[in-house]
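My questions all concern the structure below.
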Amino acid sequence: MKKILTLLLIVLSVLTAFADDISFKASVDRGSVAINESFVYTVTISGDAGDFPEPQISDLAAFNIFSRGKSQSLNVINGKVSGSVSYKYTLGPKSAGRFTIAPAVIRYNNRTYTTQSIDIDVLSAQNIYGGNNASQPQQVRNQINPQAQKANIFVRASTNKKTVYENEKLVYKFSFYTNIPLPSNPSPQYIPPDFSGFWNDGSEPTNRYENINGISYHVSEINTTLYPISIGTKTISAAQIKVAGLKSSASNNIDDLMQAFFAMAQSQGQTQIRVLETNPIKITVLPLPKAGRPNDFYGAVGKFKISAKVDRTDISTNEPITLTITLSGEGNMKSVTRFDIPVSSDIKKYDMVMSDEDDNKKTFTTIITALMPGEKIIPSIKLSYFNPNTKRYETANTQPIKLNVSGEAIFPNQSQNGSEFGNKTDIGYNKDIKNFNNWRRDYIKDKNFYLIFILFVLLLIGGVMFNIFGKSKASIDKAQKQIMKAEEEFKNGNLGGLFDMAYKALIEAIDSKTGVASEGLQEKQLIENLKKQNVPEETTKKLYEVFERINFYKFAAVRADEKTLQEMLTNIKEIIGKLN
Amino acid sequence: MSKILLPLAALIAFGNICFAAEMNAAQIRNAQNSFNNGDYLKTIEIYETIVNVEKIHNPHIYYNLANAYFRNGDSPRALLNFERAYRLDPRDKDIRHNKKYILTLLERQDGLKQTQESFFMQWVSLNEITVFESVIFVILLLSAFVFIVKRKYFFKKAMTVSTLIFIIFLFVLIYKAYWQFENNAMILNAATIENSPSAVSQDSNEESPALHAGTFVHFISNRDNWSRIKVKIDGKTFQGWLPSERLGKI
């Protein structure tokens with residue numbers, strides 16, 4: 001039994017270790033909301049991973065979606081990555097009542113996760129303007145008492161600018177003025193204009209009170225952030241609002257409308273819809289100037305500031321720290337999706353995650369670790385943007401951050417062999433280049449390089465040609481001249497000179513025939529060389545006899561007679577003639 | 001007339017040379033200032049212009065460019081330029097140190113296993129071997145010439161010795177040239193070899209391993225934005241296509 005229990009415990013612990021530790025939750029920032037207010041619906045996924053799929057959000061048809069955003073965070077602890085992703089939706093109710101937001105669904109690692117459903121109470125206009133709403137100032141409620149003053153209701157549309165640059169932030173404001181309470185069922189329905197030519201970055205509803213000519217109005221405003229995506233003149237069409245209880249009329253006279261409204265309100269519940277419409281607005285969109293555009297400009301238009309900080313600066317090698325870059329300012333924040341952090345390669349950086357805090361602030365976080373000890377610098381991080389106010393390109397910079405890294409270098413074999421880089425914990429510094437000579441590319445691939453050999457090859461060919469054609473003739477000539485000298489020595493009675501000249505003449509002739517230097521070789525070797533050159537045996541035999549006779553008379557104490565010497569010279573001439 | 005034109009032409013040529021030298025010096029100063037200010041992208045831009053537009057082939061330029069890439073966090077491009085510098089000046093201590101440093105980082109971080117030349121080959125450049133071999137060849141030719149003409153035995157000996165040295169170093173030259181030819185490009189971003197040059201098909205070669213950044217490969221040809229390559233890993237040769245931006249020619 002004990003063994004079974006132990007086994008079960010092991011199996012359970014293994015299963016627990018492999019189970020995905022994921023949390024998937026949904027929440028709203030408030031449980032009840034007025035018909036003209038908005039609330040934030042948040043879906044959060046967190047767990048031991050950095051890459052979660054986007055959740056499937058259930059049908060939100062009962063609400064206007066004014067904006068949506070995503071924020072992420074990432075942690076690395078002991079090399080283990082954990083993260084969380086939040087999806088935020090700013091929602092505005094379309095009508096009063098109790099609504100249920102169905103669960104959101106996510107599928108991760110072949111498992112399906114769901115959030116809980118959420119109930120939202122939407123309060124009617126009567127609740128807002130009536131005594132139920134404790135937050136409504138009494139003075140204001142009195143001011144819009146319909147029986148105390150003349151009823152009035154109208155709409156306006158405006159933009160903060162009429163001329164903008166492409167990608168410059170433009171705010172379209174729709175304002176609905178009323179000094180009378182409106183029926184909640186059906187509630188007024190806003191029909192936004194056609195924003196073609198603009199990127200709609202979401203809307204934000206607000207409520208306020210405004211005094212016009214002594215009359216206090218409740219103003220419901222919807223501010224829509226737009227970014228022009230193409231240049232030229234654009235038209236934002238009329239926005240509309242449908243208000244129940246107003247009798248349709250050709251007249252736009254407010255007094256007529258109010259009379260119609262009260263007439264309707266007193267009838268037996270017959271509801272009529274009145275459509276109020278704004279004027280269209282023309283916007284001129286200018287192109288961004290090409291002059292002075294930095295290479296690292298990626299479309300940010302506005303006025304921005306960036307700052308960077310790390311959670312600590314004294315760290316050990318391989319110890320993760322969080323680098324946070326904060327982008328703030330006014331402009332198309334959405335166009336900035338990442339920053340290039342120019343850290344050196346001995347600092348490891350992880351993926352950057354982005355969080356939208358609000359329209360004017362955005363944070364980017366990343367985890368970095370140093371691989372080498374020493375003083376490391378996170379250099380200045382830059383953002384190039386176009387400032388529509390100054391009409392120039394500008395650059396926002398962060399300050400460089402110095403890190404003091406202690407510990408051992410994260411290199412293989414470091415512990416066994418010590419540092420293979422000695423005391424150096426960084427790359428060598430730049431070379432001081434005084435002048436940059438253009439070094440030769442690979443000679444082996446350069447055809448011109450081979451031209452230098454042509455001279456030497458030609459020289460060699462010349463030598464061979466001389467050897468074949470020129471040297472042979474020159475040698476024979478030389479041999480014949482030496483024979484003539486030998487004859488002169490013979491006439492003069494100088495027998496020593498005769499034998500020397502005769503011998504040299506033969507050697508010269510043999511050189512010419514064999515092509516190798518014969519001087520110093522034994523007679524037998526000379527004969528062998530001649531045989532290799534296919535010289536007839538008769539000639540070689542005669543040559544051998546001549547050599548023997550020369551040696552005999554040269555070194556023996558016997559004086560040769562004239563006839564013998566004459567015969568020897570004749571034989572030598574004959575041999576030279578045959579070797580030619 | 002020519003008395004005036006010739007000095008004028010010489011003066012213009014000299015002026016151009018001085019102007020070019022001053023321009024080059026200004027570029028180097030700008031690059032160094034950008035580097036000191038931490039503007040590594042600007043440094044890279046200047047040095048890349050010197051290398052690619054002005055076609056300057058200098059180990060110190062490649063070295064400084066590699067340093068800028070390293071500081072900017074682009075290890076593979078840093079290694080590519082250290083390799084270019086090393087192949088020109090293999091005995092430079094700084095080049096050897098930095099190349100080894102970054103190679104070790106890539107081995108540690110990405111599991112890179114880069115093939116290396118034999119130890120002795122790591123100390124001489126291909127051009128040095130080529131020049132040495134050429135000098136030996138010239139000595140061989142001259143010895144042969146003198147021997148043929150003069151028939152002196154000394155030159156026959158010289159011819160024999162120079163022929164022997166020439167043959168030995170011919171093998172060295174062929175080895176070095178072949179190694180550099182076979183490893184004429186480097187992977188800049190981890191990639192897998194595709195069977196065809198198409199991003200649509202994604203027809204990955206099932207057997208081909210993932211190529212780490214820093215791996216030597218042999219570049220064969222280009223088609224559109226794709227490069228045909230060959231790589232030998234663990235004794236097996238793989239051939240296929242990669243997007244060209246993932247490849248750097250050495």
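Since we're looking at a predicted model, the values are computed, not measured. Note that these values count all heavy atoms, side chains included, but never hydrogens, waters or copies made by symmetry. Quick note on labels: first sequence line is chain A, next is B, and so on, each numbered from 1.
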**chain B contacts, top residue of Ile444(A), Asp296(A), Leu459(A) (heavy-atom pairs, under 4.5 Å)** =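 Looking at each option in turn, the highest pair count goes to Leu459(A).
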**Message:** Is any side-chain heavy atom of Gln482(A) closer than 4.5 Å to one of Leu506(A)?
**Reply:**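 Not in contact.
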**Item:** Part of Ile61(B) within contact of chain A (heavy atom distance under 4.5 Å)
**Value:**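 Its backbone and side chain both get close to chain A.
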**Asked** Who among Ile341(A), Val457(A), Asp442(A) has the most heavy-atom pairs with chain B under 4.5 Å?
**Response** Asp442(A)
**Message:** If we define contacts as heavy-atom pairs under 4.5 Å, which of Glu45(B), Arg87(B), His57(B), Glu54(B) has the most with chain A?
**Reply:** His57(B)
**Message:** Tell me which of these, Ala68(B), Pro59(B), Ala144(B), has more heavy-atom pairs under 4.5 Å with chain A than the rest.
**Reply:** Pro59(B)
**Request:** Measure distances from Leu88(B) to the heavy atoms of chain A and classify the residue's part below 4.5 Å as side chain, backbone, both or neither.
**Result:**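 Both backbone and side chain of Leu88(B) come within 4.5 Å of chain A.
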**Message:** Let's go through Arg77(B) and Glu48(B) carefully: what are the C-alpha distance in whole Å and the side-chain angles of both, what is the deciding distance for salt bridge (charged side-chain N to carboxylate O under 4.0 Å, His left out) to 0.1 Å, and is it a yes or a no?
**Reply:** CA-CA 12 Å; Arg77(B) 278 186 175 76; Glu48(B) 287 285 10; 5.9 Å; no
**Asked** Side chain, backbone, both or neither: which part of Ser125(B) has an atom under 4.5 Å from a heavy atom of chain A?
**Response**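 For Ser125(B), no heavy atom lies under 4.5 Å from chain A.
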**Message:** By the salt bridge (Lys or Arg N to Asp or Glu O under 4.0 Å) test, which pairs, at least two apart or in different chains, include something from residues 157-174 of chain B?
**Reply:**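 Output for this query is empty, none listed.
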**Item:** Structural part of Lys382(A) lying under 4.5 Å from a heavy atom of chain B
**Value:** side chain
**Request:** Check each atom of Phe449(A) against the heavy atoms of chain B and say whether the ones under 4.5 Å are side chain, backbone, both or neither.
**Result:** side chain
**Message:** Taking side chain as everything from C-beta outward and backbone as N, CA, C, O, which of these in Ile50(B) sits under 4.5 Å from a heavy atom of chain A? Side chain, backbone, both or neither.
**Reply:** side chain
**Asked** Do the side-chain N and O atoms of Asn529(A) and Gln525(A) include a donor-acceptor pair separated by under 3.5 angstrom?
**Response**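 Yes, Gln525(A) and Asn529(A) have a side-chain donor paired with an acceptor closer than 3.5 Å.
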**Distance-minimising heavy-atom pair for Ala213(B) and Leu106(B)** = O-CD1, 4.2 Å
**Item:** Engaged part of Asp92(B) at the chain A interface, taking heavy atoms whose separation is under 4.5 Å
**Value:**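 Just the side chain, heavy atoms under 4.5 Å.
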**Item:** From CG (Leu173(B)) to CZ (Phe171(B)), nearest 0.5 Å
**Value:**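 Rounded to the nearest 0.5 Å, the CG-CZ separation comes to 11.5 Å.
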**Request:** Please determine, by modelled atom types, if Tyr47(B) and Asn64(B) share a side-chain donor-acceptor pair under 3.5 angstrom.
**Result:** yes
**Request:** Please state whether the rings of His218(B) and Phe181(B) are parallel, tilted or perpendicular, taking 30° and 60° as the class boundaries.
**Result:**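 Ring orientation, 0 to 90° scale: tilted.
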**Part of Gln180(B) lying under 4.5 Å from any heavy atom of chain A** =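 Interface part for Gln180(B): side chain.
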